[in-house]
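What follows is a set of notes on a single structure, which appears directly below.
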Amino acid sequence: MPMLGPDGREADLDTVFVVTPAYNEEQTIREVLVNFRRRAFRHHLVVDDGSWDDTAALARQEGAIVIRHAMNRGLGAALGTGLAAALARGAQVIVTVDADGQHTPEDAFRVIAPVLRGDADFVVGTRLFDSRGMPWHRRLANVIANLLTVLLFGARSTDSQSGLRAFSRSGAERIEIRTDGMEVSSEIVGESRRKGLRCLEIPITSIYTDYSLSKGQSFWTGLRTLRKLLLLKLEGRDR
Amino acid sequence: MRPSQFVLGALVVIALALTVYRFQRRQMKVLDMLFWSALWTAALVGIVFPDTTGFVARLIGIGRGVDAAIYLSVVLVFYLNFRLYMRISQIDTQITTIVRHLALTEREPRAR
């Protein structure tokens, strides 16, 4: 069983795929790719969700595998495509990382470690164990989102909206993503519980910059996500 | 016949004609045609013979015919709105399926 150092040198990362959904992220995508490659993550798959800026070209320059959506379909759609593409390339472990630079390779190691050891099929990197640096309105929004995830999906989570997640191959194969937008985060947490995946939460630190805050869910997109989650429940599409 | 009856009646007749026209041009399915035709015909009967709405109102226990018509319309609008939402969300899912399929089958140029 390989032991993971934070530098990742001892880890076997050959079958680990980093999946990053990106929509107009030319400001940060390069830095994210470089950071992860430096820490020995060899396979980085960027799902360019119909960006009109240079995200795809920059990602290719940095050696990422780029999958392009012909038009913008939303976070959920991009994650679904990313998981499918990584599985098709033989990934044994998949880690999803945001394109805005808020996740560090060190935290990615933390979330994939239990999956590599075979202890878990789905790991969420949760920000709330250490919420320093998280603005109060974000914290409040997270509390509401977690509450809704429990009410609608019956899944308890301390940070249902986290973008840093790790899947084992069988975990990724079993999870079905049906939503297109931001509501996917709650859906994945709910799916993992319903499919009986072995789930874990691992504390991570998030780097909040003005840029990453502008990219996250605002109050209004939060409301839209809430409406979609309610309708998803109403339609029974979450079953 | 009052002017309001005439105007509303004319509008409903146009809607009915459009329904039949679209069905004839195969732009509408049989079930949809039947649904809309029944709806417009009922509206027409209610407009031309307002007393019938009073009968319906008594039947479902609402005082006046006009009130019954408004209540039923609101319920109908909600139902149609929901049906429209379901349809759009279905189309959304289909678009994502197509976009994903195209993305996954596209041959990617590799930089390195």
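Every chain is numbered from 1, with letters handed out A, B, ... down the list of sequences.
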key: Test salt bridge (charged side-chain N to carboxylate O under 4.0 Å, His left out) applied to A:Glu176 - qualifying residues, sequence neighbours left out   =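 By the salt bridge (charged side-chain N to carboxylate O under 4.0 Å, His left out) rule, A:Glu176 matches A:Arg178, A:Lys195.
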
task = Could you tell me whether A:Glu31 atom CD has more than 12 heavy atoms of other residues or ligands within 6.0 Å of it?
result =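 Result for CD/A:Glu31: open.
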
request  = Ignoring hydrogens and angles, state whether a donor on the side chain of A:Thr179 or A:Glu187 is under 3.5 Å from an acceptor on the partner side chain.
outcome  =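 Note: A:Thr179 and A:Glu187 side chains meet the donor-acceptor criterion.
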
key: Plane angle bin for A:Phe41 and A:Phe36 - parallel if under 30°, tilted between 30 and 60°, otherwise perpendicular   =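 A:Phe36 vs A:Phe41 ring planes: tilted.
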
task = Could you list which of residues 71-81 of chain A have a heavy atom closer than 4.5 Å to any heavy atom of chain B, in residue-number order?
result =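 When heavy atoms of chain B are the reference, residues 71-81 of chain A contributes A:Met71, A:Arg73, A:Gly76, A:Ala77, A:Gly80, A:Thr81 within the under-4.5 Å range.
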
ask   = With the threshold set at 4.0 Å, does a side-chain nitrogen-carboxylate oxygen contact exist between B:Lys29 and B:Asp32?
value =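 Looking at B:Lys29 and B:Asp32, the cut-off is not met.
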
inquiry  = On the six-membered ring of A:Phe122, is A:Arg194 placed so that its NZ or CZ lies under 6.0 angstrom from the centre and within 45° of the ring axis?
reply    =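 Ring-cation test returns no.
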
task = Check whether B:Ile95 gets within reach of chain A through its side chain, its backbone, both or neither, counting any heavy atom under 4.5 Å.
result =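 Its backbone and side chain both get close to chain A.
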
